[in-house]
There are 2 protein chains.
Amino acid sequence: MTKVLLIDDEVRFARALAISLRARGYDVDTATTGEEGLEQAAHGHPDVIVLDLGLPGIDGLDVLRGLRGWTTVPVIVLSARHGEPSKVDALDAGADDYVTKPFGMDELLARLRALLRRAAPADDEPRVTTDDFTLDLAAKTAAAADGTPVHLTPREWGVVEVLVRNEGKLVSQKQLLQDVWGPQYERETDYLRVYLAAVRRKLEPDSSRPKYFITEPGMGYRFQSGR
Amino acid sequence: MTKVLLIDDEVRFARALAISLRARGYDVDTATTGEEGLEQAAHGHPDVIVLDLGLPGIDGLDVLRGLRGWTTVPVIVLSARHGEPSKVDALDAGADDYVTKPFGMDELLARLRALLRRAAPADDEPRVTTDDFTLDLAAKTAAAADGTPVHLTPREWGVVEVLVRNEGKLVSQKQLLQDVWGPQYERETDYLRVYLAAVRRKLEPDSSRPKYFITEPGMGYRFQSGR
DNA sequence: CTGCCCCGTTAAGGCGCCGTGAAGATCCTT
DNA sequence: AAGGATCTTCACGGCGCCTTAACGGGGCAG
(Lines give C-alpha, C1' and ligand atoms only; values in the text may rest on other atoms or scores of the structure.)
Protein backbone atom coordinates (compact mmCIF):
# COMPACT_ATOMS: atom_id res chain seq x y z
CA MET A 1 0.00 0.00 0.00
CA THR A 2 1.17 3.48 -0.76
CA LYS A 3 2.16 5.36 2.36
CA VAL A 4 1.83 9.13 2.67
CA LEU A 5 3.58 11.12 5.39
CA LEU A 6 1.68 14.29 6.26
CA ILE A 7 3.64 16.99 8.08
CA ASP A 8 1.30 19.78 9.15
CA ASP A 9 0.60 21.52 12.44
CA GLU A 10 -2.99 22.48 11.64
CA VAL A 11 -4.68 19.55 13.23
CA ARG A 12 -8.12 20.09 11.75
CA PHE A 13 -6.83 20.37 8.24
CA ALA A 14 -4.45 17.46 8.64
CA ARG A 15 -7.19 15.28 9.98
CA ALA A 16 -9.49 16.07 7.07
CA LEU A 17 -6.75 15.35 4.57
CA ALA A 18 -5.81 12.13 6.29
CA ILE A 19 -9.40 10.95 6.12
CA SER A 20 -9.61 11.74 2.43
CA LEU A 21 -6.40 9.90 1.77
CA ARG A 22 -7.35 6.85 3.77
CA ALA A 23 -10.71 6.74 2.01
CA ARG A 24 -8.81 6.40 -1.25
CA GLY A 25 -6.71 3.55 -0.04
CA TYR A 26 -3.57 5.31 1.08
CA ASP A 27 -1.76 4.51 4.29
CA VAL A 28 -1.18 7.76 6.22
CA ASP A 29 1.37 8.78 8.85
CA THR A 30 1.09 12.22 10.42
CA ALA A 31 3.48 14.58 12.15
CA THR A 32 2.78 18.01 13.60
CA THR A 33 6.32 19.39 13.89
CA GLY A 34 9.37 19.42 11.66
CA GLU A 35 11.39 17.29 14.03
CA GLU A 36 8.67 14.71 14.23
CA GLY A 37 8.36 14.77 10.46
CA LEU A 38 12.03 14.07 9.92
CA GLU A 39 11.87 11.31 12.48
CA GLN A 40 8.87 9.65 10.84
CA ALA A 41 10.33 10.03 7.39
CA ALA A 42 13.34 8.04 8.50
CA HIS A 43 11.36 5.54 10.48
CA GLY A 44 8.28 4.97 8.35
CA HIS A 45 9.65 4.91 4.80
CA PRO A 46 6.79 6.86 3.19
CA ASP A 47 6.31 6.74 -0.58
CA VAL A 48 5.50 10.44 -0.69
CA ILE A 49 5.59 13.34 1.77
CA VAL A 50 3.15 16.24 2.02
CA LEU A 51 4.89 19.08 3.86
CA ASP A 52 3.29 22.26 5.11
CA LEU A 53 5.81 25.09 5.10
CA GLY A 54 4.07 27.00 7.87
CA LEU A 55 5.32 24.92 10.74
CA PRO A 56 6.15 26.19 14.21
CA GLY A 57 9.74 25.72 15.28
CA ILE A 58 11.99 24.49 12.51
CA ASP A 59 11.49 26.26 9.21
CA GLY A 60 9.73 24.13 6.63
CA LEU A 61 12.51 24.67 4.14
CA ASP A 62 15.02 23.29 6.61
CA VAL A 63 12.89 20.19 6.99
CA LEU A 64 12.96 19.81 3.24
CA ARG A 65 16.72 20.21 3.14
CA GLY A 66 17.04 17.73 5.98
CA LEU A 67 15.10 15.21 3.94
CA ARG A 68 17.02 15.83 0.77
CA GLY A 69 20.27 15.16 2.56
CA TRP A 70 19.60 11.47 2.48
CA THR A 71 16.45 10.60 0.55
CA THR A 72 14.89 11.30 -2.83
CA VAL A 73 11.33 10.53 -1.74
CA PRO A 74 8.85 12.82 -3.57
CA VAL A 75 7.71 15.87 -1.58
CA ILE A 76 4.70 18.10 -2.18
CA VAL A 77 4.91 21.40 -0.36
CA LEU A 78 1.82 23.22 0.92
CA SER A 79 1.90 26.87 1.83
CA ALA A 80 -0.37 29.75 2.64
CA ARG A 81 2.12 32.18 1.17
CA HIS A 82 1.38 33.27 -2.37
CA GLY A 83 4.72 34.91 -3.00
CA GLU A 84 6.54 33.55 -5.95
CA PRO A 85 10.02 33.64 -4.39
CA SER A 86 9.00 31.13 -1.75
CA LYS A 87 7.77 28.80 -4.47
CA VAL A 88 11.04 29.01 -6.31
CA ASP A 89 13.02 28.51 -3.13
CA ALA A 90 11.03 25.45 -2.15
CA LEU A 91 11.20 23.88 -5.59
CA ASP A 92 14.92 24.48 -5.82
CA ALA A 93 15.42 23.12 -2.33
CA GLY A 94 14.14 19.80 -3.61
CA ALA A 95 10.34 19.97 -3.56
CA ASP A 96 8.59 18.22 -6.42
CA ASP A 97 5.44 20.31 -6.35
CA TYR A 98 4.11 23.38 -4.58
CA VAL A 99 0.45 23.98 -3.82
CA THR A 100 -0.89 27.23 -2.42
CA LYS A 101 -3.65 27.26 0.18
CA PRO A 102 -6.52 27.34 -0.16
CA PHE A 103 -6.75 24.54 -2.68
CA GLY A 104 -9.20 21.86 -3.65
CA MET A 105 -8.75 18.45 -2.20
CA ASP A 106 -9.24 16.94 -5.63
CA GLU A 107 -6.38 18.95 -7.04
CA LEU A 108 -4.03 17.87 -4.30
CA LEU A 109 -4.98 14.26 -4.81
CA ALA A 110 -4.47 14.58 -8.55
CA ARG A 111 -1.03 16.08 -8.01
CA LEU A 112 -0.25 13.27 -5.62
CA ARG A 113 -1.22 10.73 -8.27
CA ALA A 114 0.84 12.50 -10.92
CA LEU A 115 3.88 12.54 -8.68
CA LEU A 116 3.57 8.92 -7.64
CA ARG A 117 3.13 7.93 -11.27
CA ARG A 118 6.36 9.72 -12.12
CA ALA A 119 8.41 8.73 -9.11
CA ALA A 120 7.39 5.10 -8.82
CA PRO A 121 7.81 3.95 -12.38
CA ALA A 122 7.84 0.50 -13.90
CA ASP A 123 8.03 -1.46 -10.70
CA ASP A 124 9.74 -4.45 -12.20
CA GLU A 125 9.82 -7.87 -10.61
CA PRO A 126 10.19 -7.41 -6.89
CA ARG A 127 11.28 -11.01 -6.84
CA VAL A 128 14.73 -12.49 -6.63
CA THR A 129 15.70 -16.10 -7.02
CA THR A 130 19.07 -17.66 -6.40
CA ASP A 131 20.21 -21.25 -6.18
CA ASP A 132 19.76 -21.20 -2.44
CA PHE A 133 16.76 -18.99 -1.65
CA THR A 134 13.93 -16.88 -3.03
CA LEU A 135 12.90 -13.39 -1.99
CA ASP A 136 9.63 -11.64 -2.73
CA LEU A 137 10.23 -8.02 -1.89
CA ALA A 138 6.62 -7.00 -2.41
CA ALA A 139 5.17 -9.70 -0.20
CA LYS A 140 8.10 -9.57 2.20
CA THR A 141 8.48 -13.31 2.17
CA ALA A 142 11.59 -15.41 1.94
CA ALA A 143 12.01 -19.09 1.32
CA ALA A 144 14.86 -21.56 1.12
CA ALA A 145 15.57 -23.53 -2.05
CA ASP A 146 13.37 -26.41 -0.89
CA GLY A 147 10.46 -24.05 -0.27
CA THR A 148 10.55 -23.90 3.51
CA PRO A 149 9.75 -20.36 4.57
CA VAL A 150 12.42 -18.24 6.25
CA HIS A 151 11.46 -15.57 8.75
CA LEU A 152 13.26 -12.22 8.63
CA THR A 153 12.79 -9.45 11.19
CA PRO A 154 11.98 -5.89 10.05
CA ARG A 155 15.58 -4.70 10.31
CA GLU A 156 16.80 -7.74 8.48
CA TRP A 157 14.30 -7.02 5.70
CA GLY A 158 15.48 -3.44 5.55
CA VAL A 159 19.05 -4.51 5.01
CA VAL A 160 18.15 -7.20 2.49
CA GLU A 161 15.86 -4.89 0.56
CA VAL A 162 18.36 -2.09 0.14
CA LEU A 163 21.08 -4.47 -0.94
CA VAL A 164 18.89 -6.45 -3.33
CA ARG A 165 17.49 -3.33 -4.96
CA ASN A 166 21.06 -2.39 -5.71
CA GLU A 167 22.05 -5.81 -6.94
CA GLY A 168 25.65 -5.94 -8.03
CA LYS A 169 26.34 -2.44 -6.81
CA LEU A 170 28.32 -1.58 -3.75
CA VAL A 171 26.20 0.05 -1.05
CA SER A 172 28.24 2.12 1.38
CA GLN A 173 27.80 1.55 5.09
CA LYS A 174 26.58 5.11 5.44
CA GLN A 175 23.89 4.73 2.80
CA LEU A 176 22.75 1.43 4.19
CA LEU A 177 22.41 2.87 7.67
CA GLN A 178 20.61 5.95 6.40
CA ASP A 179 18.17 3.95 4.32
CA VAL A 180 17.33 1.39 6.98
CA TRP A 181 17.76 3.20 10.29
CA GLY A 182 17.57 6.88 9.31
CA PRO A 183 20.05 9.71 8.83
CA GLN A 184 21.05 10.06 12.47
CA TYR A 185 22.37 6.51 12.62
CA GLU A 186 24.95 6.80 9.90
CA ARG A 187 27.82 6.02 12.27
CA GLU A 188 26.39 2.93 13.94
CA THR A 189 28.40 0.45 11.94
CA ASP A 190 27.97 -2.07 14.75
CA TYR A 191 24.42 -2.63 13.57
CA LEU A 192 25.56 -3.68 10.15
CA ARG A 193 27.90 -6.34 11.44
CA VAL A 194 25.18 -7.82 13.64
CA TYR A 195 22.48 -7.79 10.99
CA LEU A 196 24.61 -8.98 8.14
CA ALA A 197 25.56 -11.90 10.32
CA ALA A 198 21.87 -12.61 10.96
CA VAL A 199 20.94 -12.36 7.29
CA ARG A 200 23.76 -14.67 6.32
CA ARG A 201 22.87 -17.18 8.99
CA LYS A 202 19.35 -17.36 7.57
CA LEU A 203 20.01 -17.18 3.83
CA GLU A 204 23.56 -18.19 3.00
CA PRO A 205 24.24 -21.91 2.55
CA ASP A 206 27.59 -21.46 4.30
CA SER A 207 27.41 -18.32 6.40
CA SER A 208 31.14 -18.38 7.06
CA ARG A 209 31.79 -18.09 3.31
CA PRO A 210 29.13 -15.74 1.90
CA LYS A 211 28.18 -16.16 -1.75
CA TYR A 212 25.50 -13.49 -1.95
CA PHE A 213 25.99 -10.89 0.75
CA ILE A 214 29.55 -9.79 0.22
CA THR A 215 31.57 -7.52 2.48
CA GLU A 216 33.83 -4.97 0.87
CA PRO A 217 36.11 -4.08 3.77
CA GLY A 218 36.22 -0.40 4.58
CA MET A 219 33.57 0.44 2.01
CA GLY A 220 30.28 -1.37 2.42
CA TYR A 221 28.29 -4.40 1.29
CA ARG A 222 27.13 -5.86 -1.98
CA PHE A 223 24.45 -8.33 -3.02
CA GLN A 224 25.20 -10.54 -6.01
CA SER A 225 22.78 -13.17 -7.20
CA GLY A 226 24.76 -15.46 -9.46
CA ARG A 227 28.30 -16.81 -9.77
CA MET B 1 21.90 20.10 -23.76
CA THR B 2 18.40 19.87 -22.35
CA LYS B 3 15.74 20.33 -25.00
CA VAL B 4 12.33 21.87 -24.26
CA LEU B 5 9.39 21.57 -26.63
CA LEU B 6 7.00 24.49 -26.30
CA ILE B 7 3.49 23.95 -27.68
CA ASP B 8 1.55 27.20 -27.56
CA ASP B 9 -0.43 29.19 -30.08
CA GLU B 10 0.08 32.58 -28.46
CA VAL B 11 3.09 33.65 -30.44
CA ARG B 12 4.09 36.60 -28.30
CA PHE B 13 4.02 34.60 -25.12
CA ALA B 14 5.78 31.64 -26.67
CA ARG B 15 8.51 33.85 -28.02
CA ALA B 16 9.13 35.47 -24.64
CA LEU B 17 9.30 32.10 -22.94
CA ALA B 18 11.61 30.71 -25.58
CA ILE B 19 14.00 33.59 -25.07
CA SER B 20 14.02 33.09 -21.32
CA LEU B 21 14.71 29.41 -21.73
CA ARG B 22 17.48 29.86 -24.26
CA ALA B 23 19.10 32.46 -22.04
CA ARG B 24 19.33 29.80 -19.37
CA GLY B 25 20.99 27.31 -21.62
CA TYR B 26 18.06 25.23 -22.78
CA ASP B 27 17.54 24.17 -26.35
CA VAL B 28 14.01 25.12 -27.45
CA ASP B 29 11.69 23.76 -30.14
CA THR B 30 8.35 25.46 -30.68
CA ALA B 31 5.00 24.41 -32.13
CA THR B 32 1.84 26.46 -32.47
CA THR B 33 -0.73 23.72 -33.03
CA GLY B 34 -1.44 20.38 -31.48
CA GLU B 35 -0.63 18.47 -34.63
CA GLU B 36 2.67 20.25 -35.00
CA GLY B 37 3.40 19.61 -31.35
CA LEU B 38 2.86 15.86 -31.66
CA GLU B 39 4.96 15.83 -34.79
CA GLN B 40 7.84 17.66 -33.12
CA ALA B 41 7.62 15.57 -29.99
CA ALA B 42 8.14 12.45 -32.08
CA HIS B 43 10.77 13.99 -34.25
CA GLY B 44 12.81 16.13 -31.89
CA HIS B 45 13.08 13.93 -28.77
CA PRO B 46 12.59 16.71 -26.23
CA ASP B 47 13.56 16.19 -22.59
CA VAL B 48 10.48 18.03 -21.36
CA ILE B 49 7.32 19.46 -22.96
CA VAL B 50 5.46 22.65 -22.02
CA LEU B 51 1.92 22.36 -23.33
CA ASP B 52 -0.68 25.12 -23.42
CA LEU B 53 -4.18 23.65 -23.13
CA GLY B 54 -5.83 26.55 -24.97
CA LEU B 55 -4.92 25.47 -28.44
CA PRO B 56 -7.04 25.99 -31.54
CA GLY B 57 -8.07 22.82 -33.32
CA ILE B 58 -7.22 19.70 -31.38
CA ASP B 59 -8.04 19.86 -27.71
CA GLY B 60 -4.99 20.18 -25.50
CA LEU B 61 -6.00 17.14 -23.50
CA ASP B 62 -6.05 15.07 -26.66
CA VAL B 63 -2.53 16.19 -27.44
CA LEU B 64 -1.52 15.06 -23.99
CA ARG B 65 -3.20 11.68 -24.45
CA GLY B 66 -1.55 11.39 -27.85
CA LEU B 67 1.82 11.90 -26.24
CA ARG B 68 1.19 9.49 -23.41
CA GLY B 69 0.37 6.78 -25.88
CA TRP B 70 4.00 6.31 -26.66
CA THR B 71 6.25 8.44 -24.45
CA THR B 72 6.75 9.18 -20.78
CA VAL B 73 8.53 12.46 -21.37
CA PRO B 74 7.62 14.94 -18.61
CA VAL B 75 4.87 17.43 -19.51
CA ILE B 76 3.99 20.71 -17.83
CA VAL B 77 0.54 21.97 -18.75
CA LEU B 78 -0.27 25.68 -18.93
CA SER B 79 -3.81 26.94 -18.87
CA ALA B 80 -5.85 30.10 -18.52
CA ARG B 81 -8.69 28.13 -17.00
CA HIS B 82 -8.84 28.26 -13.23
CA GLY B 83 -11.37 25.53 -12.84
CA GLU B 84 -10.23 22.70 -10.68
CA PRO B 85 -11.80 19.92 -12.75
CA SER B 86 -9.59 20.77 -15.71
CA LYS B 87 -6.52 20.52 -13.50
CA VAL B 88 -7.52 17.12 -12.28
CA ASP B 89 -8.32 15.94 -15.78
CA ALA B 90 -5.00 17.10 -17.14
CA LEU B 91 -2.99 15.61 -14.30
CA ASP B 92 -4.83 12.31 -14.59
CA ALA B 93 -4.35 12.34 -18.34
CA GLY B 94 -0.64 12.19 -17.75
CA ALA B 95 0.54 15.74 -17.06
CA ASP B 96 3.28 16.08 -14.48
CA ASP B 97 2.47 19.62 -13.46
CA TYR B 98 -0.20 22.22 -14.10
CA VAL B 99 0.38 25.96 -14.00
CA THR B 100 -2.38 28.51 -14.27
CA LYS B 101 -1.92 31.70 -16.25
CA PRO B 102 -0.93 34.28 -15.38
CA PHE B 103 2.19 33.00 -13.66
CA GLY B 104 5.69 34.23 -13.02
CA MET B 105 8.41 33.13 -15.33
CA ASP B 106 10.61 32.26 -12.37
CA GLU B 107 8.00 29.89 -11.04
CA LEU B 108 7.66 28.09 -14.34
CA LEU B 109 11.41 27.75 -14.60
CA ALA B 110 11.63 26.42 -11.07
CA ARG B 111 8.93 23.85 -11.81
CA LEU B 112 10.80 22.88 -14.94
CA ARG B 113 13.96 22.34 -12.92
CA ALA B 114 12.10 20.30 -10.31
CA LEU B 115 10.58 18.10 -12.97
CA LEU B 116 13.82 17.55 -14.84
CA ARG B 117 15.56 16.74 -11.58
CA ARG B 118 12.99 14.05 -10.88
CA ALA B 119 12.53 12.68 -14.38
CA ALA B 120 16.09 12.65 -15.64
CA PRO B 121 18.21 10.93 -13.09
CA ALA B 122 19.15 8.75 -16.06
CA ASP B 123 22.68 8.59 -14.78
CA ASP B 124 24.49 7.38 -17.83
CA GLU B 125 26.80 4.52 -17.12
CA PRO B 126 29.89 5.63 -15.28
CA ARG B 127 31.67 2.77 -16.94
CA VAL B 128 35.12 2.63 -18.43
CA THR B 129 36.22 -0.08 -20.81
CA THR B 130 39.67 -0.71 -22.19
CA ASP B 131 41.13 -3.61 -24.11
CA ASP B 132 42.40 -5.14 -20.90
CA PHE B 133 39.83 -4.36 -18.19
CA THR B 134 36.53 -2.69 -17.37
CA LEU B 135 35.68 -0.45 -14.44
CA ASP B 136 32.23 0.37 -13.10
CA LEU B 137 32.70 3.35 -10.86
CA ALA B 138 29.13 3.37 -9.52
CA ALA B 139 29.08 -0.29 -8.58
CA LYS B 140 32.73 -0.24 -7.58
CA THR B 141 33.49 -3.34 -9.57
CA ALA B 142 36.47 -4.11 -11.74
CA ALA B 143 36.98 -7.00 -14.13
CA ALA B 144 39.69 -8.23 -16.44
CA ALA B 145 39.11 -8.55 -20.19
CA ASP B 146 37.97 -12.15 -19.79
CA GLY B 147 35.43 -11.14 -17.17
CA THR B 148 37.15 -12.43 -14.06
CA PRO B 149 36.54 -9.98 -11.27
CA VAL B 150 39.42 -7.98 -9.85
CA HIS B 151 39.37 -6.86 -6.24
CA LEU B 152 40.52 -3.36 -5.37
CA THR B 153 40.92 -2.04 -1.83
CA PRO B 154 39.42 1.31 -0.77
CA ARG B 155 42.64 3.24 -1.29
CA GLU B 156 43.17 1.62 -4.64
CA TRP B 157 39.65 2.61 -5.67
CA GLY B 158 40.32 6.12 -4.52
CA VAL B 159 43.37 6.43 -6.73
CA VAL B 160 41.71 4.80 -9.72
CA GLU B 161 38.59 6.91 -9.39
CA VAL B 162 40.39 10.24 -9.28
CA LEU B 163 42.56 9.34 -12.25
CA VAL B 164 39.72 7.91 -14.33
CA ARG B 165 37.44 10.86 -13.68
CA ASN B 166 40.21 13.02 -15.09
CA GLU B 167 40.85 10.77 -18.04
CA GLY B 168 43.60 12.08 -20.28
CA LYS B 169 44.44 14.89 -17.91
CA LEU B 170 47.47 15.08 -15.67
CA VAL B 171 46.64 14.83 -11.96
CA SER B 172 49.33 16.27 -9.72
CA GLN B 173 50.61 14.21 -6.83
CA LYS B 174 49.35 16.84 -4.44
CA GLN B 175 45.84 16.76 -5.81
CA LEU B 176 45.75 12.99 -5.84
CA LEU B 177 46.87 12.80 -2.23
CA GLN B 178 44.39 15.45 -1.15
CA ASP B 179 41.48 13.81 -2.94
CA VAL B 180 42.14 10.29 -1.68
CA TRP B 181 43.83 10.71 1.69
CA GLY B 182 42.81 14.23 2.71
CA PRO B 183 44.47 17.63 2.79
CA GLN B 184 46.96 16.81 5.54
CA TYR B 185 48.59 14.06 3.52
CA GLU B 186 49.67 16.11 0.56
CA ARG B 187 53.38 15.35 1.11
CA GLU B 188 53.14 11.59 1.52
CA THR B 189 54.27 10.79 -2.00
CA ASP B 190 55.41 7.39 -0.79
CA TYR B 191 51.78 6.31 -0.75
CA LEU B 192 51.38 7.02 -4.43
CA ARG B 193 54.30 4.85 -5.45
CA VAL B 194 52.98 1.95 -3.41
CA TYR B 195 49.40 2.23 -4.61
CA LEU B 196 50.17 2.91 -8.23
CA ALA B 197 52.25 -0.25 -8.16
CA ALA B 198 49.30 -2.17 -6.70
CA VAL B 199 46.84 -0.78 -9.23
CA ARG B 200 49.14 -1.62 -12.12
CA ARG B 201 49.78 -5.11 -10.83
CA LYS B 202 46.04 -5.71 -10.79
CA LEU B 203 44.96 -3.95 -13.99
CA GLU B 204 47.86 -3.50 -16.39
CA PRO B 205 48.65 -6.41 -18.72
CA ASP B 206 52.37 -5.71 -18.26
CA SER B 207 52.82 -3.80 -15.05
CA SER B 208 56.43 -2.98 -15.82
CA ARG B 209 55.31 -1.14 -18.96
CA PRO B 210 52.09 0.70 -18.07
CA LYS B 211 49.66 1.46 -20.89
CA TYR B 212 46.92 3.10 -18.84
CA PHE B 213 48.29 4.49 -15.60
CA ILE B 214 51.13 6.69 -16.76
CA THR B 215 53.72 8.39 -14.57
CA GLU B 216 54.70 11.93 -15.44
CA PRO B 217 58.01 12.19 -13.55
CA GLY B 218 58.14 15.04 -11.09
CA MET B 219 54.57 16.05 -11.76
CA GLY B 220 51.93 13.41 -11.24
CA TYR B 221 49.95 10.66 -12.91
CA ARG B 222 47.60 10.31 -15.85
CA PHE B 223 45.01 7.77 -16.92
CA GLN B 224 44.50 7.17 -20.63
CA SER B 225 42.03 4.63 -21.91
CA GLY B 226 43.21 3.82 -25.43
CA ARG B 227 46.48 3.67 -27.28
C1' DC C 1 82.02 8.77 -14.64
C1' DT C 2 79.58 9.74 -10.44
C1' DG C 3 76.34 11.44 -7.36
C1' DC C 4 71.56 12.75 -6.72
C1' DC C 5 66.75 12.62 -7.35
C1' DC C 6 62.72 10.24 -8.44
C1' DC C 7 60.31 6.18 -9.10
C1' DG C 8 59.11 1.04 -8.72
C1' DT C 9 59.14 -2.98 -5.85
C1' DT C 10 58.79 -5.73 -1.87
C1' DA C 11 58.04 -6.98 2.79
C1' DA C 12 57.03 -6.51 7.66
C1' DG C 13 54.60 -4.48 11.52
C1' DG C 14 50.60 -2.63 13.55
C1' DC C 15 46.09 -1.19 13.69
C1' DG C 16 41.52 -0.84 12.11
C1' DC C 17 37.71 -3.35 10.47
C1' DC C 18 34.87 -7.29 10.50
C1' DG C 19 32.50 -11.64 12.27
C1' DT C 20 30.68 -13.77 16.28
C1' DG C 21 28.42 -14.76 20.52
C1' DA C 22 25.95 -13.09 24.25
C1' DA C 23 23.71 -10.14 27.53
C1' DG C 24 20.84 -6.22 28.61
C1' DA C 25 17.13 -3.08 26.91
C1' DT C 26 12.97 -2.34 24.54
C1' DC C 27 8.83 -3.29 22.08
C1' DC C 28 4.74 -5.97 21.26
C1' DT C 29 1.39 -9.44 22.17
C1' DT C 30 -1.26 -12.21 25.17
C1' DA D 1 1.55 -8.11 34.08
C1' DA D 2 4.22 -11.55 31.88
C1' DG D 3 6.50 -13.56 28.15
C1' DG D 4 8.70 -13.74 23.74
C1' DA D 5 10.66 -11.52 19.89
C1' DT D 6 13.49 -7.97 18.37
C1' DC D 7 16.83 -4.37 18.78
C1' DT D 8 20.95 -2.38 20.82
C1' DT D 9 25.33 -2.63 22.97
C1' DC D 10 29.68 -4.70 24.09
C1' DA D 11 33.99 -7.46 24.07
C1' DC D 12 37.09 -10.51 21.87
C1' DG D 13 39.83 -12.71 18.23
C1' DG D 14 41.42 -12.81 13.54
C1' DC D 15 42.49 -11.11 9.16
C1' DG D 16 43.31 -7.75 5.75
C1' DC D 17 44.62 -3.23 4.68
C1' DC D 18 47.44 0.72 5.42
C1' DT D 19 51.59 2.55 6.63
C1' DT D 20 56.41 2.69 6.70
C1' DA D 21 61.00 1.59 5.50
C1' DA D 22 64.74 -0.25 2.76
C1' DC D 23 66.74 -1.37 -1.66
C1' DG D 24 67.56 -1.05 -6.61
C1' DG D 25 67.33 1.10 -11.12
C1' DG D 26 67.14 4.78 -14.45
C1' DG D 27 67.67 9.55 -15.99
C1' DC D 28 70.10 13.81 -15.64
C1' DA D 29 73.58 17.22 -14.49
C1' DG D 30 78.00 18.29 -13.10
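By convention in this document, chain letters (A, B, ...) are assigned in the order of the sequence lines, proteins followed by strands, and residues within each chain are numbered from 1. Hydrogens, waters and symmetry mates play no part in the numbers below; they use all other heavy atoms, side chains included.
- Between B/Arg200 and B/Asp206 there is no salt bridge, since no side-chain nitrogen of the basic residue lies less than 4.0 Å from a carboxylate oxygen of the acidic one.
- Counting 5' to 3', DNA chain D first comes under 4.0 angstrom of a heavy atom of chain A and last does so at the ends given by D/dT6 to D/dA11.
- With respect to the salt-bridge test (charged N to carboxylate O, under 4.0 angstrom), the residues A/Asp96 and B/Arg118 qualify.
- Here C/dG21 presents its P atom at 13 Å from CZ of A/Arg200, a figure rounded to the nearest Å.
- For the pair A/Lys3 and A/Asp47, the salt-bridge criterion is not met [side-chain N within less than 4.0 Å of a carboxylate O].
- For residues 146-161 of chain A, every residue pair satisfying the salt bridge (charged side-chain N to carboxylate O under 4.0 Å, His left out) rule, not counting sequence neighbours, is listed here: A/Lys140-A/Glu161, A/Glu156-A/Lys202, A/Glu161-A/Arg165.
- Between B/Arg155 atom CZ and C/dG16 atom P there is a gap of 12 Å when expressed in whole angstrom units.
- Map A/Thr189 and A/Val194 each onto its nearest nucleotide of DNA chain C; the residue landing nearer the 5' end is A/Thr189.
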A/Leu163 and A/Leu176: CA distance, side-chain angles, deciding distance, side chain to side chain contact (heavy atoms under 4.5 Å, CB included) verdict: CA-CA 8 Å; A/Leu163 290 175; A/Leu176 199 44; 4.2 Å; yes

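- With rounding to the nearest 0.5 Å, the separation of CG in A/Asp52 from CG in A/Leu6 is 8.5 Å.
- At the heavy-atom level, A/Tyr185 lies nowhere under 4.0 Å from the strands shown.
- Atom C1' of nucleotide C/dG8 and atom CD1 of B/Ile214 are separated by 14 Å, given to the nearest angstrom.
- Remark: P of C/dG19 and CD of A/Glu216 are 11 Å apart, rounded to the nearest angstrom.
- Rounded to whole Å, the distance from CE on B/Met219 to P on C/dC7 is 11 Å.
- Residue contacts shown for B/Gln173 are limited to sugar-phosphate atoms, with no base heavy atom under 4.0 Å away.
- Note: OH (A/Tyr191) to P (C/dT26) measures 12 Å, nearest angstrom.
- Side-chain N/O atoms of A/Tyr221 include none lying less than 4.0 angstrom from OP1 or OP2 on C/dC17.
- B/Asp190 places its CG atom 14 Å from the C1' atom of C/dC5, with the value rounded to the nearest Å.
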Give the intermediate values and the outcome of salt bridge (Lys or Arg N to Asp or Glu O under 4.0 Å) for residues B/Asp97 and A/Arg111. CA-CA 7 Å; B/Asp97 203 344; A/Arg111 287 185 181 273; 2.7 Å; yes

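- Between the NE2 atom of A/His43 and the C1' atom of C/dT26 there is a distance of 12 Å, given to the nearest Å.
- Nucleic acid contact class of A/Arg193 (heavy atoms, under 4.0 Å, all strands): base.
- The side chain of B/Thr215 contributes an N or O atom lying less than 4.0 Å from OP1 or OP2 of C/dG8.
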